[in-house]
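Remember, it's a predicted structure, so these values are computed and weren't measured experimentally. We count ligands from 1, going down the list as the structure has it; atoms in each ligand are counted the same way. Quick note: residue numbers are just sequence positions, from 1.
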Amino acid sequence: MVLYTPSPLVPMLALVAVSGLMVGCGSGGGNSGAARASSVSPVVSSAATSSSAAVSAIKLNQLGFMPGSAKWAVVPAVAAANFKVINTATGMEVFSGSLGAATRWDAAEESVRLADFSSVKTPGDYFLRVEGVNDSYHFTIASDVYSALSAASIKAFYFNRNSAELLSAHAGVFARTLGHPDTNVLVHPSAASTARPADTVISAPKGWYDAGDYNKYIVNSGIATYSLLAAYEHFPALFNGQNLNIPESGDVIPDLLNEVLWNLEWMLDMQDPNDGGVYHKLTNKNFDGTVMPHQATSQRYVVQKTTAAALDFAAVMATASRVLAQYESQLPGLSANMLSAAESAWVWAVANPAITYQQPGDVKTGAYGDSNLADEFAWAAAELYITTKKDTYYTAMKPNETSATVPSWGDVRGLGWISLAHHRDNLTAIADKSLIASRIDGLAANLQTVWAGSAYRVTMQENDFVWGSNSVALGQAMMLVQGYRLNGKREYLDAAQAMLDYVLGRNATDMSFVTGYGDKATLHPHHRPSEADGIAEPIPGFIAGGPQPGQQDKEDCNVSYPSNIAARSYLDNYCSYASNEIAINWNAPLVYVAAAIQVLTPTPQ
Ligand code: 9MR
């Protein structure tokens, strides 16, 4: 379990004017215009224009749906009995349905009505019309409706590469100079050992910037990297032919794995070869100002070896070892090296089972501190078991004591169950297959129950609105997908689709939280390159953290949040690191869920 500590980002906001760029909140960025130039903002229907009482928005997935998707929209609680689906090109009504009864969603303190138009399956562009309400955004029904989003959500990791020059051939207008070579990193006193005393110089280049900041954290890299590897492991065909136009494109290795390798190479350097321990993070002492990577030149340190870092590292390396084994001729020896790195990190963690992260007094960057390590032990043991088939690891997972929960950086036990379920037909006799199935199905069934009873037809509830709430939504979808993969219950897939809908617009803010995707999408993420690059649009493909009522950045923003209500407490402003930052552990489940929905949604007969 995780303690949601007050923001560690505040010191960054105290800085001002670095290299001519204003730093901190309220610097705006001058972004303007629709996120998707070709799309049209809500069309005002004749009914709406004729009535001054026309009320706000119909909320739906602003990209659209696959032909076989469940399709739902959320309509304000107006008096109308019906809704219509209208073909944009012809202006013809293609479907009319009854609106559900007005029902309250506590998280948004709002009563709404549901429109189910799942039976509309013909590809095309459409919108919804309800008397007394503005027409909805236009949306598309097409089998490839999510392919661009899917690619962009992976390309976002490329845009967040540490130690990389981004060439215009790959990055277009977002090309940038190399920053953070990380070849001259000092061992912080908190991480000193006999073999590597304080101020020893080590090299640990590459990796991804964690989020809107320029630091690198093993714990958060763990869940993010795993989620991408799992996407590949579960849906390889989708990624094998994908060209993301990254520097490695065109080689034999799929681009998703090329991108993941960029981070894995860094992670390997975070292990101390002398003892197997893993540094918790590689960071500056303070957050950088709002500058481009090459302008952020503070000394970097590796800070404290922790049990969580060793275990998350072990889990990821064990996973990567089996996923990359098929590329032995391109990556000679790497798979075996990763497995031995994973096992030595495990041995270190067993010998040092309770070293939690303690932020040193002179270090102010993110903590990713976590005092409950049972889930990290369980996850690492599960991945080591699957890769090595050694029964001792299965026992070490303590399956009977390990529940399945929606994954987050501080609670990773669900990841172990995901992997066990995927590999269930290829385990040793010791594995309890019915337990694996009941863990996955139990969690999916709980989520499905919430979804079925939700006024918004989503799985999010009031207490899910924590820092990075959009990753809770997508984590819930990931677990529903596992339920569907296990037993084919259609409701699980539909509930997972609902959560993709949620982040793309069927939420109480009426926004798509993915930069560049949706008519009304996040424009001002708390992301240093997007803010400091002088380009109006944000870099595309990043998902914002999302609404949460904590508003830990309130003092640092000179504009107010539009609402204090949990599901509406979202501020699309650069200053809002508590609701509008981007992060690798929030993008990775977007990659996973977008892939799963594309592969698993049945094609209508
Ligand atoms: O995602 C983290 C969230 O769960 C915590 O509540 C929050 C405050 O401790 O920190 C978040 O992680 C941030 C990290 O510490 C530094 N990089 C940016 C991350 C996203 O805001």
Side-chain angles (χ1 to χ4, degrees), residues 1-13 25 156 160 162 180 207-224 227 280-290 293 296 300 303-304 306 308-309 312 356-360 363-372 375 405-412 463-475 513 522 525-531 542-557 569-571 573-590:
M1 295 302 290
V2 175
L3 294 177
Y4 287 98
T5 53
S7 162
L9 305 181
V10 171
M12 176 273 299
L13 295 160
C25 64
N160 246 29
N162 185 109
H180 303 94
W208 301 305
Y209 299 127
D210 180 58
D213 63 323
Y214 291 140
N215 302 299
K216 305 189 285 194
Y217 308 82
I218 284 290
V219 163
N220 207 40
S221 258
I223 183 169
S227 301
H280 194 74
K281 62 180 181 175
L282 189 164
T283 81
N284 308 339
K285 287 189 173 177
N286 296 294
F287 284 106
D288 290 303
T290 305
R300 311 266 271 180
V303 185
Q304 204 193 345
T306 63
D312 288 351
T356 55
Y357 182 68
Q358 307 297 326
Q359 179 95 298
V363 177
K364 309 290 180 197
T365 52
Y368 289 116
D370 180 1
S371 55
N372 183 344
D375 54 297
T405 51
V406 173
S408 65
W409 64 260
D411 180 0
V412 289
N463 61 4
D464 293 321
F465 288 89
V466 296
W467 191 310
S469 60
N470 284 335
S471 72
V472 178
L474 293 168
F513 294 117
T522 295
H526 185 84
H527 181 225
R528 282 167 178 71
S530 287
E531 181 69 4
F542 284 104
I543 186 162
Q548 59 108 355
Q551 302 187 359
Q552 292 87 344
D553 45 27
K554 198 161 65 175
E555 302 300 315
D556 306 298
C557 288
S569 180
Y570 171 72
L571 180 59
N573 189 296
Y574 175 72
C575 71
S576 184
Y577 49 83
S579 79
N580 210 30
E581 188 158 359
I582 63 90
I584 55 173
N585 63 315
W586 307 337
N587 251 72
L590 175 63

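- With a 4.0 Å cut-off on non-hydrogen atoms, Tyr214 does not touch ligand 1 at all.
- Checked by distance only, ligand 1 and Asn585 stay at 3.5 Å or farther apart across all their nitrogen or oxygen atoms.
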_Please evaluate residues Tyr368 and Trp409 with respect to the criterion side chain to side chain contact (heavy atoms under 4.5 Å, CB included), reporting the C-alpha separation (whole Å), side-chain torsions for both, the decisive distance (0.1 Å), and the verdict._
CA-CA 8 Å; Tyr368 289 116; Trp409 64 260; 3.5 Å; yes
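- Evaluation of the side-chain contact (heavy atoms from CB on, under 4.5 Å) rule for Ser221 yields Thr225, Asn263, Trp266, Met267, Ile584 as partners, not counting sequence neighbours.
- In summary, the atoms of ligand 1 found under 4.0 Å from a heavy atom of Trp586, numbered by their order in the structure, are 1 (O), 20 (C), 21 (O).
- Of the candidates Tyr217, Tyr368, Tyr209, Tyr368 brings a heavy atom nearest to atom 14 (C) of ligand 1.
- No side-chain heavy atom of Val303 sits less than 4.5 Å from a side-chain heavy atom of His280.
- Qualifying salt bridge (charged side-chain N to carboxylate O under 4.0 Å, His left out) partners for Lys554, counting only residues two or more places apart in sequence or in other chains: none.
- Between the side chains of Ser576 and Asp553, at least one donor N or O lies within less than 3.5 Å of an accepting N or O.
- Taking every heavy atom of Ala211 and a limit of under 4.0 angstrom, the matching atoms of ligand 1 come to 17 (N), 18 (C).
- The shortest N or O to N or O distance between Asp213 and ligand 1 is below 3.5 Å.
- Listed by atom number, the atoms of ligand 1 under 4.0 Å from Glu581 heavy atoms are 18 (C), 20 (C), 21 (O).
- In the model, Asp213 has no side-chain atom that pairs as donor or acceptor with a side-chain atom of His526 under 3.5 Å.
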